[in-house]
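To start, the structure under review is shown below, and the notes come after it.
We name chains A, B, ... by the order of the sequence lines, and we start the count at 1 in each one.
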Protein chains: 2
Amino acid sequence: MQGIKELLNKKGHKATPARLAIINIFKNNKKPISAEEVYKNLKTKLKNINVTTIYRNLSSLSSEGILRKVDLKKDFDLFELNEDHHHHIVCTDCNKIESFKNKEVENLLNTIIKKSNNFKQIKEHSFEIFGLCKACSK
Amino acid sequence: MQGIKELLNKKGHKATPARLAIINIFKNNKKPISAEEVYKNLKTKLKNINVTTIYRNLSSLSSEGILRKVDLKKDFDLFELNEDHHHHIVCTDCNKIESFKNKEVENLLNTIIKKSNNFKQIKEHSFEIFGLCKACSK
DNA sequence: TTCTACTTGCAAGTAATTTGCATCTATGTT
DNA sequence: AACATAGATGCAAATTACTTGCAAGTAGAA
Ligand SMILES: [Mn+2]
Ligand SMILES: [Mn+2]
Ligand SMILES: [Zn+2]
Ligand SMILES: [Zn+2]
């Protein structure tokens, strides 16, 4: 937890208890979670923590590239650590989330951008799959 | 505009002026648009049209598979006709949207699902690309 | 033409996220 | 170690996209 504090300070942000705890939650969690989920988790550790603080931190941590927002067709935003780029398969019934990496997806981006008339550079992309997990498809 | 009316009736929905006008807007429009955009457009054609009607119709037309919701990282939903499956490249600066089809993306789904431990069937997927268009990247 | 289920307009309600502001605190400086 | 201050936080109020309840209207079947 040493590098994190320096990283934050270097970006002009303070390593507050709330912020460190939030990052910690994501370090110990492999699937995307919502502000509300972070909040519930944090309440057990920090008395007097407010959801607003969660929202503000999820937002700033995301712009700094420490977290990233994941769009999984929910009516609220999900976040996860912004390490090792990957995609998700989501069960639309029970919300099980499996993540996967696939080089070909990434290679395809080049092919696609070459064919494009209006774009020459890509900043990011999303590739998410929705279906029923084995348990739910019975 | 004959087939549409029958299609709607067959699904137990009435071919009301509002509903037909909404479908028409999408027929004459190639990029995903929001409820608010549909509303602005409709106001010039139907006096006394209410946004609620737009929301309700976008929703029902989507569940019927006539429209589909598109997720482009906006804070509102976008919709487009649910014909010929495709994906988008979006300019994060000026919101220009280019659409493309790519067989390989679709083929990849099979490869991915085979490697999955928890999923065997896919219902849908999203693959959206974000970057700067030529005009905006100067 | 009549009947009725589906629609619509309008007002009010939700739910997620944001903002204003007074108070507080982590960190650099003295 | 005490100080100064930019950045954080809690709390309440505001925003915003979207939904819901209800009474009145209308498309389509008979
Ligand atoms: Mn993930
Ligand atoms: Mn499209
Ligand atoms: Zn499942
Ligand atoms: Zn552009």
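Using modelled atom types, one side-chain atom of B:Lys11 and one backbone atom of B:Glu64 make a donor-acceptor pair closer than 3.5 Å. Remark: the backbone N or O of A:Ile113 is not paired with any side-chain donor or acceptor of A:Lys120 at under 3.5 angstrom. With hydrogens and angles ignored, the 3.5 Å screen pairs no side-chain donor or acceptor of A:Glu106 with any backbone N or O of A:Lys103.
Between B:Leu42 atom CG and C:dT8 atom P the separation is 11 Å, expressed in whole Å. Note: NZ (B:Lys11) to P (C:dC6) measures 16 Å, nearest angstrom. One can place CG of A:Leu78 at 12 Å from P of C:dA16, the figure rounded to the nearest angstrom. What separates NZ of B:Lys73 from P of D:dA17 is a distance of 19 Å, to the nearest Å. A straight line from CG of B:Leu46 to P of D:dT26 spans 13 Å, rounded to a whole angstrom. In this structure, OH of A:Tyr39 is placed 14 Å from C1' of C:dA16, rounded to the nearest angstrom. One interatomic measurement links the two molecules: OH of B:Tyr55 to P of C:dG13, which rounds to 19 Å at whole-angstrom precision. Taking atom CG on B:Leu7 and atom C1' on D:dG28, their separation rounds to 16 Å, with Å as the unit.
If you check every strand for non-hydrogen atoms under 4.0 Å, B:Phe76 touches sugar and phosphate atoms only.
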Pairs under 3.5 Å (N/O, protein and nucleotides 10-14 of chain D):
from, atom 1, to, atom 2, distance (Å)
D:dG10, OP1, A:Asn48, O, 2.7
D:dG10, OP2, A:Asn50, N, 3.2
D:dG10, OP2, A:Thr53, OG1, 2.1
D:dG10, N7, A:Arg56, NH2, 2.9
D:dG10, O6, A:Arg56, NH2, 3.1
D:dC11, OP1, A:Asn48, OD1, 3.3
D:dC11, OP2, A:Asn48, OD1, 3.3

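In terms of hydrophobic clustering, with Ile, Leu, Val, Met, Phe, Trp and Tyr side chains grouped at heavy-atom distances under 4.5 Å, A:Ile122 and B:Leu132 are assigned to different clusters.
Annotation: ring pair (Phe, Tyr, Trp, His ring centres under 6.0 Å) contacts of B:Phe79 (sequence neighbours excluded): none. Among residues two or more places apart in sequence or in another chain, the side-chain hydrogen bond (donor to acceptor under 3.5 Å, both in side chains) test is passed with A:Ser62 by none. Under the rule for a side-chain hydrogen bond (donor to acceptor under 3.5 Å, both in side chains), B:Asn29 has no partner lying at least two apart in sequence or in another chain.
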Per-nucleotide protein contact string for nucleotides 23-28 of chain C, where B marks a base within reach and S marks sugar-phosphate only (heavy atoms under 4.0 Å, - for neither): --BBS-
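Residues B:Asp84 and B:Lys101 are paired through a salt bridge, judged by an N-O separation under 4.0 Å between the basic side chain and the carboxylate.
Here ring pair (Phe, Tyr, Trp, His ring centres under 6.0 Å) pairs that include residues 110-132 of chain B, with residues two or more places apart or in two chains, are A:Phe127-B:Phe127, B:His85-B:His125, B:His87-B:His125, B:His87-B:Phe127.
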